[in-house]
Every structure is written in C-alpha cells, then in structure tokens.
Amino acid sequence: MDQRDVMRGALKATGVVKKGAQLKFGAIALVVFFVGLLLLGMFFPAGQASASDCEDTGPGTADASAASDTDGSGAVSGSLHEQQVEYAKAIDNAAKKAKLPGRATLIALMTAMQESTMQNLGHGHLDSVGLFQQRPSMNWGTKQQIMTPSYSAASFFLGRGTNDGLVDIKGWAKLPLGTAAQKVQKSAHPELYAGHETAMRKLAKDAGINLERGGSSTGSGDTDDNTPVTSENNGCGVAKPGGGGSAGGKFTDGKQTWDLKNPRSVEEAIAWAKKNSGPGSSANWYQRCLAFTAIVYGWNVSGVNYAIDHYSVVPKSMQHDGDRHPPAGALMYWDTGHRAGHIAVYLGDGKVASNDILRPGYIDVVDAELFETKWGAKYIGWTPPVFPRAG
C-alpha cells in the first residue's frame, strides 16, 4: 500500500460516515491521523537494510532509462547502462592516447562512477561538472571543455592547469586503486572510490576494454612494471597501522589448540573492538569489514582481496563450516550474495563487532544472527583469528 492508497482510504472513511457529528469529527480525526503518518514518512523515511560488504551496490549499477543531463557537449543516448558503456570507451580512449595501461582506465572508471555515476552531468557541487566533476573555477578548463568527455578524461590522466593528473602521482601504478583516485580528486570521502571496482570491471568487459593492457605509468610510451599491489579490494581493507606488539597467544575450540602470531592477544583484540564500537566508532569503516578484523588484531592489512576469500586462505583444519558456537575472538563469515561476502569478530555471548550493519561506515556490537535476518546472508562458519597473508 502506497501513500496514495492510504489517503484514498482515509477520504473514503469521511464519505461513508454520515451519522452524527461525533462520527464526523472522528472521521476528520482519522484523516488528520493518516496525514500525520504521511508527514512522518516524509521526514523520517524507513531505512533499507543492505549488505555493505566491499561491493558497490550504489546508483549506476543497473540498467535504467536516463534523461539527458548535460549541456549538449559530448552527450550520448540510450539506457543508463548504454550511456555508461560509451563514456567508459571515451575514458579508455583517452588512456590509450596517453599510452597509459589498463590499470589507469580502471582507476578513472571507478572515479567517474563515484563522482557522476558515469554521466556527463552539467551540474554538481558548486561549479563541478562532467564525468569527473571538475571545476572551471579550479583551473580544470571552461565548462564546455570539461563537458567534453575526451577532454575531462585527459585532464584526469595528465593534469590540467595547476591540477595534478594521475601520472603526476608518484608510484600511482602500485597504489591501491581507490587511493590513486583520491590523490587526483582530493575528495571529502576518499573511502568511496574503492567500492566501485567490481562493477567497473564488469562495465569494462561490457565495453570491450582490456584492463590488463600494458603501458607506461608516466604516459611516455615506455612500458614499465605496472604490477598492481592489491590489498583488501584496493582500499576496502588498506588500513591505518593497528599497533600492538607480539602478543600472540593460544586459541582453542576445546578440541584443538593453535598458536597465534597476531600483534594483539585475543583479550586485547576484543577490548580494542569494543572500545572502537558504538559511541567510540569513527565513520571510516564503510565496506571495510576485512580491514576492521585485521586491525582488531593489530595488523595493517589482511593481505586478502575479499572477506569471503579469507576463509579459504585459512588452513582447512581451522575452518569450522556451519558451526555456530565459536570461541570469543573467532572470525565469523557470511555469504551475502555479493563477491566480497562479510566477516566479523565474535566477542562472545552471541555478539559480534561489525561495520555497516546498523550504521553505514560505523562499527557496532550486534547479534551474530542479524546478518541473516537483516541482510539475508548465509552463514558460512568461523575460523580462529589467523591472518596467513597479513602484514
């Protein structure tokens, strides 16, 4: 039932009540009550539960009809996906013209998706326009120039005016994808670029773009070593130093006992997770579940691209498939239906510390079953808190 159905029902009630002023007043009160509900719905809309797990589920990831939103320069037609494919090709052509590798194209695609949903917008924050939301007032060019996809893409790669481009960023080819994008864009929300990697790899495939293409990191045409350094989905888990020492300790499920080599002990890790949850949480954890679990135990990074993959890199003897009785400090895993999956730290008494489940970007202590009831996730199992590829 939508709002119009509710209003029709309320109006119908006023029409059928004919007997007595008291009933009329009651009907009028009913209308006022329903209008109040509608107003509450407008000002306090219900939240939607979704699994934010290092996968992009934001706008622009599905086909839709899109109205033209440009000033006419460089505009393309078709469904939203068809437009995104054409703009992706324009970005890749600019990268190839600059003799840059496919990795540069991927970074630019992720950036454009975050900035404009891969649309050549004629508006934005302040005077920002175009695929990359570049600003005429910040020496990126005139509005007409920026609204030309080949021009704005070349600016992103090579810089423009006083602005650095991707090739000006030292070591960009070995930076995490999201980090490289942020160094060009200087966004107030640097954590958001990385989440678009999976969707942009798919878009590149749809556009016939070879993201494995070699090239030069300087745009000089001389090939160099562009071996990517991927860690936690390129920003999904690249983290600040976790600190700690060589606490290690032992961990047991009652049948087996393992020696841990984590910088923090289990007790220290649980205490750190609780301290940095709820009111103590920062807003920096959006789609960074694997990063959080690694940092809880004192590591800088887990060394694995996706949360769900971490389960498979843990030795088979440590995997507890489907077991819902982990010891405190264990790592619990869920299949969310997305590539990355989800991971959380078990605190004991049925509680876990996890990002995004209550508040996107924040850590909260919740019941372990909430991922299944709220996100519709499928529980996989648990492992001891081991990080074979961490550093």
**OP:** Heavy atoms only: give me the nearest Phe132-Ala153 pair and the separation to one decimal.
**Re:** CE1-CA, 3.7 Å
Original post:
Is the side chain of Asn262 donor-acceptor paired with the backbone N or O of Arg264 at a distance under 3.5 Å, no angle test?
Top reply: no
Subject >> Flag side-chain contact, heavy atom, 4.5 Å: Asn163 against Trp140 >> reply: yes
Original post:
Between Met138 and Thr162, what is the shortest heavy-atom contact and its length?
Top reply: O-OG1, 4.3 Å
Subject >> Sidechain-backbone polar pair: Glu197 side chain, Leu177 backbone, donor-acceptor under 3.5 Å >> reply: no
Original post:
What is the ring orientation for Trp272 with Phe292, classed by angle as parallel under 30°, tilted 30 to 60°, or perpendicular over 60°?
Top reply: tilted
**OP:** Give a yes or no on whether the backbone of Gly254 and the side-chain of Thr252 come within a donor-acceptor separation of less than 3.5 Å.
**Re:** yes
Original post:
In terms of side-chain geometry, is the basic nitrogen of Asp92 or Arg213 positioned less than 4.0 Å from the acidic oxygen of its partner?
Top reply: yes
Original post:
Are any side-chain N or O atoms of Ser265 and backbone N or O atoms of Glu268, one a donor and one an acceptor, separated by less than 3.5 Å?
Top reply: yes
**OP:** Considering non-hydrogen atoms only, spot the tightest contact between Gly130 and Ser116 and give its length.
**Re:** O-CB, 3.6 Å
**OP:** Go through Tyr193 and Thr111 one step at a time and tell me if the side chain to side chain contact (heavy atoms under 4.5 Å, CB included) criterion holds.
**Re:** CA-CA 6 Å; Tyr193 296 109; Thr111 303; 4.0 Å; yes
**OP:** First locate atom CD1 of Ile169, then atom OG of Ser217, and finally report the distance between them rounded to the nearest 0.5 Å.
**Re:** 12.0 Å
Subject >> Which atom of Lys170 lies closest to which atom of Leu175, heavy atoms considered >> reply: O-CD1, 4.4 Å
**OP:** State the CD-CG distance between Gln185 and Asp164, to the nearest 0.5 angstrom.
**Re:** 12.0 Å
**OP:** State, without any angle test, whether Asp253 and His325 hold a side-chain donor-acceptor pair at a distance under 3.5 Å.
**Re:** no
**OP:** Taking Gln319 for its side chain and Val314 for its backbone only, find out whether a donor-acceptor pair lies under 3.5 Å.
**Re:** yes
Original post:
Are Val184 and Leu126 grouped together when hydrophobic residues (ILVMFWY) are joined by side-chain heavy atoms under 4.5 angstrom apart?
Top reply: no
Subject >> Note, Pro327 side chain near Trp382 side chain (heavy atom, < 4.5 Å) >> reply: yes
**OP:** For Ser312 and Ile308, indicate whether the former's side chain and the latter's backbone hold a donor-acceptor pair under 3.5 Å.
**Re:** no
Original post:
Mind checking whether Ser354 and His342 have side chains closer than 4.5 Å, heavy atoms only?
Top reply: yes
Subject >> Test side chain to side chain contact (heavy atoms under 4.5 Å, CB included) applied to Lys183 and Trp172, step by step >> reply: CA-CA 9 Å; Lys183 286 185 176 294; Trp172 70 265; over 6 Å; no
**OP:** Look at the aromatic rings of Tyr297 and Phe387 and report parallel, tilted or perpendicular, splitting at 30° and 60°.
**Re:** tilted
Original post:
With a 4.5 Å limit on heavy-atom distance, are the side chains of Glu82 and Val85 in contact?
Top reply: no
Original post:
Going by atom types alone, do His123 and Ser128 pair a side-chain donor with an acceptor below 3.5 Å?
Top reply: no
**OP:** Would you check, one step at a time, whether the test side chain to side chain donor-acceptor pair (under 3.5 Å) holds for Tyr333 with His310?
**Re:** CA-CA 9 Å; Tyr333 305 78; His310 192 267; 3.1 Å; yes
Original post:
Is it the case that Arg160 places NZ or CZ above or below the six-membered ring of Tyr151, under 6.0 angstrom from the centre and within 45 degrees of the axis?
Top reply: yes
**OP:** State whether the side chain of Trp334 and the backbone N or O of Gly341 hold a donor-acceptor pair below 3.5 Å, judged by distance alone.
**Re:** no
**OP:** Using the side chain to side chain donor-acceptor pair (under 3.5 Å) rule, pick out the option among His81, Arg201, Gln84 that qualifies with Asp206.
**Re:** His81
**OP:** Could you tell me whether Gln256 atom CD has more than 12 heavy atoms of other residues or ligands within 6.0 Å of it?
**Re:** yes
Subject >> Gap separating the CG atom of Leu109 from the NE2 atom of His196, nearest 0.5 angstrom >> reply: 11.5 Å
Original post:
So, the side chain of Asp127 versus the backbone of Ser137: is there a donor-acceptor pair under 3.5 Å, distance only?
Top reply: yes
Original post:
Between the main-chain N or O of Ser302 and the side-chain N or O of Arg389, is there a donor-acceptor pair closer than 3.5 Å?
Top reply: no
Original post:
Can you check whether Gln119 reaches Gln83 side chain to side chain, under 4.5 Å on heavy atoms?
Top reply: yes
Original post:
How far apart are the C-alpha atoms of Arg359 and Ser281, what are their side-chain angles, what is the distance that settles it, and do they pass the side chain to side chain donor-acceptor pair (under 3.5 Å) test?
Top reply: CA-CA 10 Å; Arg359 303 174 294 164; Ser281 174; 4.6 Å; no
Subject >> Donor-acceptor contact below 3.5 Å, side chain Asp364 vs main chain Leu358 >> reply: no
**OP:** Have a look at Tyr311 and tell me which of Asp321, Thr383, Asp335 forms a side chain to side chain donor-acceptor pair (under 3.5 Å) with it.
**Re:** Asp321
Original post:
Atom CZ in Phe251, atom OG1 in Thr257: separation rounded to 0.5 Å?
Top reply: 10.0 Å
Original post:
Between atom NZ of Lys89 and atom OG1 of Thr105, what is the distance when rounded to the nearest 0.5 Å?
Top reply: 14.0 Å
**OP:** Nearest 0.5 Å please: distance from the CD1 atom of Ile91 over to the CZ atom of Phe157.
**Re:** 6.5 Å
Original post:
Run the side chain to side chain donor-acceptor pair (under 3.5 Å) check on Asp356 and Trp285 step by step: do they pass?
Top reply: CA-CA 8 Å; Asp356 296 342; Trp285 299 106; over 6 Å; no
Original post:
Quick one: which of Arg324, Lys374, Lys351 gives a salt bridge (charged side-chain N to carboxylate O under 4.0 Å, His left out) with Asp367?
Top reply: Lys351
**OP:** Please lay out, stage by stage, how Leu347 and Val352 fare under the test side chain to side chain contact (heavy atoms under 4.5 Å, CB included).
**Re:** CA-CA 5 Å; Leu347 304 179; Val352 295; 5.6 Å; no
Original post:
Passes side chain to side chain contact (heavy atoms under 4.5 Å, CB included), Leu80 versus Met118? Steps please.
Top reply: CA-CA 9 Å; Leu80 176 58; Met118 195 66 74; over 6 Å; no
Original post:
Mind checking whether Asn120 and Pro149 have side chains closer than 4.5 Å, heavy atoms only?
Top reply: yes
**OP:** Using a 4.5 Å cut-off on heavy atoms from C-beta on, say whether the side chain of Met332 contacts that of Pro326.
**Re:** yes
Original post:
Do you know the tightest heavy-atom contact between Leu100 and Thr218?
Top reply: CD2-C, 4.5 Å
Original post:
In terms of side-chain heavy atoms, does Tyr379 have a donor or acceptor partner in Glu369 at a distance below 3.5 Å?
Top reply: no
Original post:
Quick one: do Tyr362 and Ile357 end up in the same hydrophobic cluster if we chain Ile, Leu, Val, Met, Phe, Trp and Tyr together by side-chain heavy atoms under 4.5 Å apart?
Top reply: no
Subject >> Closest non-hydrogen atom pair between Ile107 and Phe156, with its separation >> reply: CG2-CZ, 4.0 Å
